Amino acid sequence: QVQLVESGGGLVQAGGSLRLSCAASGRTFTSYGMGWFRQAPGKEREFVAAINWSGDRSASADSVKGRFTISRDNAKNTLYLQMNSLKPEDTAVYYCAARSRLGWSTRLSEYDYWGQGTQVTVSS
């Protein structure tokens, strides 16, 4: 089992940047593929980005390609999401998630553990 705690959210103007962090504790961090998802008010939770256990393979949603970068530091048991050129439509609660597989996935149902979320608000 792994516990996940997100941080780094906040209020930022359009065009600005934020870096989200997700600290993992419990079972060995390198046992998990990791992902970031987000949920805006009144909408379903959606895939943002995901990365494999070693960090050398990743994927991201079309809506964030070229603006968001997922990475992980296995020595620090931490997952990151660097978000640049933020837009008001990026406003959401952002969640990190872990799946008990080494690879990444875009599917919510394939993730076994979730953090509590961190709010990102982008003003126009």
Side-chain angles (χ1 to χ4, degrees):
Q1 186 163 333
V2 63
Q3 293 77 43
L4 304 171
V5 179
E6 302 97 333
S7 62
L11 173 64
V12 64
Q13 288 189 333
S17 298
L18 282 175
R19 187 176 81 157
L20 305 183
S21 299
C22 174
S25 61
R27 197 177 160 193
T28 306
F29 187 55
T30 51
S31 298
Y32 299 94
M34 301 294 294
W36 286 100
F37 294 80
R38 67 186 181 186
Q39 188 166 18
K43 295 188 176 181
E44 293 185 351
R45 195 170 298 189
E46 65 176 6
F47 168 74
V48 175
I51 194 166
N52 72 337
W53 73 277
S54 61
D56 63 346
R57 295 186 180 185
S58 64
S60 59
D62 288 343
S63 59
V64 306
K65 269 191 173 72
R67 300 188 299 122
F68 292 10
T69 302
I70 188 171
S71 63
R72 64 191 293 165
D73 186 335
N74 288 339
K76 296 182 178 179
N77 291 347
T78 303
L79 176 73
Y80 301 101
L81 185 69
Q82 178 65 44
M83 305 187 295
N84 299 328
S85 303
L86 282 160
K87 304 175 181 180
E89 51 264 44
D90 294 319
T91 295
V93 177
Y94 283 71
Y95 298 90
C96 76
R99 63 191 299 261
S100 301
R101 296 289 187 272
L102 301 181
W104 55 264
S105 173
T106 64
R107 299 181 179 180
L108 277 74
S109 61
E110 295 191 3
Y111 286 81
D112 304 297
Y113 305 100
W114 293 82
Q116 82 290 348
T118 185
Q119 176 71 46
V120 171
T121 303
V122 184
S123 63
S124 56

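Quick caveat, the model's predicted, so the values are computed rather than measured. No hydrogens, no waters, no symmetry mates; every other heavy atom, side chains included, goes into these values.
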Original post:
Considering residues, nucleotides and ligands other than Arg101, do more than 12 of their heavy atoms fall under 6.0 Å from its CZ?
Top reply: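 Open.
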Original post:
Taking Asn52 for the side chain and Ser105 for the main chain, is one N or O donor matched with an acceptor at less than 3.5 Å?
Top reply: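 No: the side chain of Asn52 does not pair with the backbone of Ser105.
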Which heavy atom of [X] sits nearest a heavy atom of [Y], and at what distance?
| X | Y | value |
| --- | --- | --- |
| Ser21 | Thr78 | CB-CG2, 4.2 Å |
| Tyr94 | Val48 | CE2-CG2, 4.3 Å |
| Val2 | Ala98 | CG1-CB, 3.9 Å |
| Ala24 | Phe29 | CB-CD1, 3.5 Å |
| Arg38 | Ala92 | CB-CB, 3.8 Å |
| Val120 | Gly9 | CG2-CA, 4.1 Å |

Within the 4.5 Å heavy-atom criterion, are [X] and [Y] side-chain neighbours or not?
| X | Y | answer |
| --- | --- | --- |
| Glu6 | Gln116 | yes |
| Asp90 | Arg67 | yes |
| Arg19 | Tyr80 | yes |
| Leu79 | Ile51 | yes |
| Ser100 | Tyr32 | yes |
| Arg99 | Met34 | no |
| Trp104 | Ser58 | no |
| Phe37 | Leu108 | yes |

**OP:** Just do the ring-ring contact (aromatic ring centres under 6.0 Å, His included) check on Trp36 and Phe47 with the steps written out, would you?
**Re:** CA-CA 7 Å; Trp36 286 100; Phe47 168 74; over 10 Å; no
Original post:
Under a single-linkage definition using a 4.5 Å side-chain heavy-atom cutoff for Ile, Leu, Val, Met, Phe, Trp and Tyr, are Val122 and Leu20 assigned to the same hydrophobic cluster?
Top reply: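 Shared cluster, yes.
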Original post:
Can Asp62 and Lys65 be counted as an ion pair, charged N to O under 4.0 angstrom?
Top reply: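 Answer for the salt bridge query: yes.
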Original post:
Where does the angle between the aromatic ring planes of Trp114 and Tyr95 fall among parallel (under 30°), tilted (30 to 60°) and perpendicular (over 60°)?
Top reply: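 Judged by the thresholds at 30° and 60°, the geometry between Trp114 and Tyr95 is perpendicular.
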Original post:
For the atom pair CG (Leu102) and OG (Ser31), what is the distance rounded to the nearest 0.5 Å?
Top reply: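 With rounding to 0.5 Å, CG (Leu102) is 7.0 Å from OG (Ser31).
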